[in-house]
Amino acid sequence: MKIRVESGSLTGISGDLLVVGLFAGVKKPTGATAVADQALGGMISRLIKDGEIDGKADKITVIHCPGKLKVRKVAVLGLGKQDKFDLEAGRRAAAALIKKAQEIKAGRVVTIVHGCGCGDLDPEEAAKALVEGAILGLYKFAGYAKDNDEPQFAVKELVLVDHDRTKLGAISRGAKLGLIIAEAENHARDLVNEPSNRMTPVRFAELARKIARINGLKFTVLDPKKAGMEALWAVAKGSNQPPRLVALEYRGDPRSKAKIALIGKGITFDSGGISLKPSKNMDEMKSDMAGAAAVLGVMSLLSDLKPKKNVLGVIPLTENMPSGHATKPGDVVSSLAGYTIEVTNTDAEGRMILADAITYAKKRGATKLIDVATLTGGCIVALGDAATAVIGNDQALIDRVIAAGNNCGQKMWQLPLYDEYKEALKSKIADLKNTSGTGKASPSSGAAFLAKFVGETAWAHLDIAGTAFLNKGRGYLPEGATGVPVRTFIELLRS
Ligand code: BES
Ligand code: ZN
Ligand code: ZN
């Protein structure tokens with residue numbers, strides 16, 4: 001789908017569908033909606049009076065008789081209550097409108113940037129949110145089913161129109177940004193939705209190499225066993241798929257020593273290992289590399305976005321499988337940092353591979369660490385699929401991550417990192433154990449394990465176990481992979 005920005009009057013513009021908005025409770029249309037109403041001979045006003053159009057959020061009424069307008073159909077998009085209409089509502093509304101356009105086979109869709117004419121949203125941010133919602137809302141994993149081969153209708157063009165020429169620059173900038181961010185997020189979704197037999201560690205590493213080459217990023221790929229990453233290898237050695245650790249580096253501020261590392265858990269399939277998971281829903285564990293996918297998605301657009309920051313993406317990749325070669329509960333292994341780990345549960349594998357990835361990032365000079373992982377089922381118990389858990393050792397960094405998430409519609413909620421959780425990981429035979437064995441407060445316990453490897457460096461840990469993969473889609477989030485937290489990371493790097 002192409003995105004275009006045009007200025008001009010609504011009455012002169014042509015296309016298959018013109019979309020205007022209406023806030024809930026509004027009895028008489030204003031602005032662009034009033035212009036459309038007039039050209040339609042008062043049709044919108046009449047339908048409001050009849051109660052057919054009520055402005056309820058994301059409700060769309062299609063009017064098939066365009067009156068004096070040069071478009072084939074007009075849609076009135078409900079925007080909900082005006083005082084509740086924010087960028088996230090704009091994203092959801094855009095997804096609703098583009099899905100409707102797809103359904104009624106409108107090839108060229110013209111829309112107002114809702115909320116920045118009659119509302120008080122910044123035009124650039126509103127256009128960005130609109131385009132994000134539309135591109136994310138149209139996402140569908142292609143899959144491999146043969147009977148899905150019939151050509152699907154695709155909206156060809158989304159035109160953002162404003163009669164005020166002075167806003168066009170801002171709208172264009174926002175639209176361009178929204179497009180690249182949403183495409184990176186959709187790319188991350190694709191990586192996660194891909195079955196684990198096709199998205200192996202080696203294949204992921206090849207894709208990362210390609211992305212690094214295209215974007216001029218410094219690229220490193222390591223064999224974790226040879227590199228002394230014994231904690232990562234302890235997870236990998238039960239599998240027939242060789243593990244990898246990849247790093248991609250973007251230097252937007254070469255004179256500065258500051259370097260932010262984004263570290264993504266890349267378990268391409270988590271069976272639990274010898275501590276085998278129950279078979280129900282085990283197929284969803286192909287999504288256990290959602291952190292890795294998000295980091296790669298972000299790295300892929302930095303050369304377009306050009307933030308003045310140095311960013312290191314670190315992605316540890318492996319399967320977690322049971323076999324005669326697998327690590328067993330009770331085994332003691334070492335790590336890149338030199339700490340010995342008693343593996344009390346082989347299903348707590350994410351923290352093992354992240355431990356070595358964190359140590360590696362520190363060796364590469366990272367001054368700030370943010371890791372992202374589908375780390376614990378306990379995170380889903382606590383927050384469901386509504387919010388990502390954030391835990392860390394640096395409140396200023398945590399606050400920035402939470403604010404970035406809130407600014408872009410990806411909710412974050414802080415959980416604690418009390419000393420009690422660290423105490424509970426003391427082992428009688430090693431420097432620490434990988435689980436407390438109590439099953440209590442697992443998101444915080446997992447973070448307490450990582451904290452040992454983080455040391456004093458500023459750090460935030462994001463547990464996306466609940467938010468990365470949905471059983472049921474909503475708004476611009478599809479069933480399956482969501483692409484969380486690509487937008488949050490971009491927001492953070494932009495600020
Ligand atoms: N990948 C899982 C966590 C997970 C579960 C993500 C469900 C998404 C949906 C992780 O590796 C895991 O198995 N964690 C264990 C840790 C426990 C053994 C301390 C868990 O949460 O049960
Ligand atoms: Zn696991
Ligand atoms: Zn896992």
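Note that ligands are numbered from 1 as they come in the structure, with each ligand's atoms numbered from 1 the same way.
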Inset, instruction - Give a yes or no on whether a salt bridge exists between E206 and R203, defined as a side-chain N under 4.0 angstrom from a carboxylate O. - result: no

Legend entry - Under 4.0 Å to a heavy atom of A465 - the qualifying atoms of ligand 1, by number: 6 (C), 8 (C)

Legend entry - Check: R487 side chain, C408 main-chain N or O, donor-acceptor pair, under 3.5 Å: yes

Inset, instruction - Could you find the nearest protein heavy atom to atom 10 (C) of ligand 1 and give me its residue, atom name and distance? - result: L375 O, 3.2 Å

Inset, instruction - Just jot down the ligand 1 atoms closer than 4.0 angstrom to any heavy atom of I380, in number order. - result: 7 (C), 9 (C)

Inset, instruction - Before accepting this row, confirm whether a basic side-chain N of the pair K128/E124 lies closer than 4.0 Å to the acidic partner's carboxylate O. - result: no

Legend entry - T327 and T346: side chain donor to acceptor below 3.5 Å: no

Legend entry - Lys/Arg-Asp/Glu bridge criterion (N-O < 4.0 Å) met for K452, D431: no

Inset, instruction - Determine whether any heavy atom of M289 lies closer than 4.0 Å to an atom of ligand 1. - result: no

Legend entry - Contacting atoms of ligand 1, where contact means under 4.0 angstrom from a heavy atom of K265: 1 (N), 10 (C), 11 (O)

Inset, instruction - Run down the list M352, E349, K277 and name the one with the heavy atom closest to atom 11 (O) of ligand 1. - result: E349

Legend entry - Near the Zn ion (ligand 3) (cut-off under 2.8 Å), count of protein N, O or S atoms: 4

Legend entry - Pair E230 + K237, salt bridge at N-O below 4.0 Å: no

Inset, instruction - Give the residue and atom name of whichever protein heavy atom lies nearest to atom 18 (C) of ligand 1, and the separation in Å to one decimal. - result: N345 ND2, 3.4 Å

Legend entry - Under-4.0 Å salt bridge between K259 and E249: yes

Inset, instruction - Within a distance under 4.0 Å of any heavy atom of T376, pick out the atoms of ligand 1 and give their elements. - result: 3 (C), 21 (O)

Legend entry - Short side-chain to backbone donor-acceptor contact, N310 and D253, under 3.5 Å: yes

Inset, instruction - Would you mind checking which non-hydrogen protein atom is closest to atom 2 (C) of ligand 1, with the distance to 0.1 Å? - result: D270 OD2, 3.5 Å

Legend entry - Proximity to ligand 1 by part of D347, non-hydrogen separation under 4.0 Å: both

Inset, instruction - Indicate yes or no: does K265 engage D288 in a salt bridge with an N to O separation below 4.0 Å. - result: yes

Inset, instruction - Report yes or no: does M285 have a heavy atom closer than 4.0 Å to ligand 1? - result: yes

Inset, instruction - Could you tell me whether N320 approaches ligand 1 through its side chain, its backbone, both or neither, with non-hydrogen atoms closer than 4.0 Å? - result: neither

Legend entry - Gap between atom CG of L248 and atom CG of L302 - 0.5 Å precision: 9.5 Å

Legend entry - Any R351 heavy atom less than 4.0 Å to ligand 1: yes

Legend entry - Distance from atom 21 (O) of ligand 1 to nearest protein heavy atom, with residue and atom: G377 N, 2.7 Å

Inset, instruction - Please state which part of K440 comes within less than 4.0 Å of ligand 1, counting heavy atoms only: side chain, backbone, both or neither. - result: neither

Legend entry - Any donor-acceptor N or O pair under 3.5 Å, side chains N407, E125: no

Inset, instruction - Write down the atom of P201, the atom of T268, and the distance for their closest heavy-atom approach. - result: CD-OG1, 3.5 Å

Inset, instruction - Give every residue pair that meets the ring-ring contact (aromatic ring centres under 6.0 Å, His included) criterion with at least one member in residues 367-418, sequence neighbours excluded. - result: Y418-Y421

Inset, instruction - State the CG-CD1 distance between L130 and I98, to the nearest 0.5 angstrom. - result: 8.5 Å

Inset, instruction - Could you tell me whether some N/O pair between T435 and ligand 1 is separated by less than 3.5 angstrom? - result: no

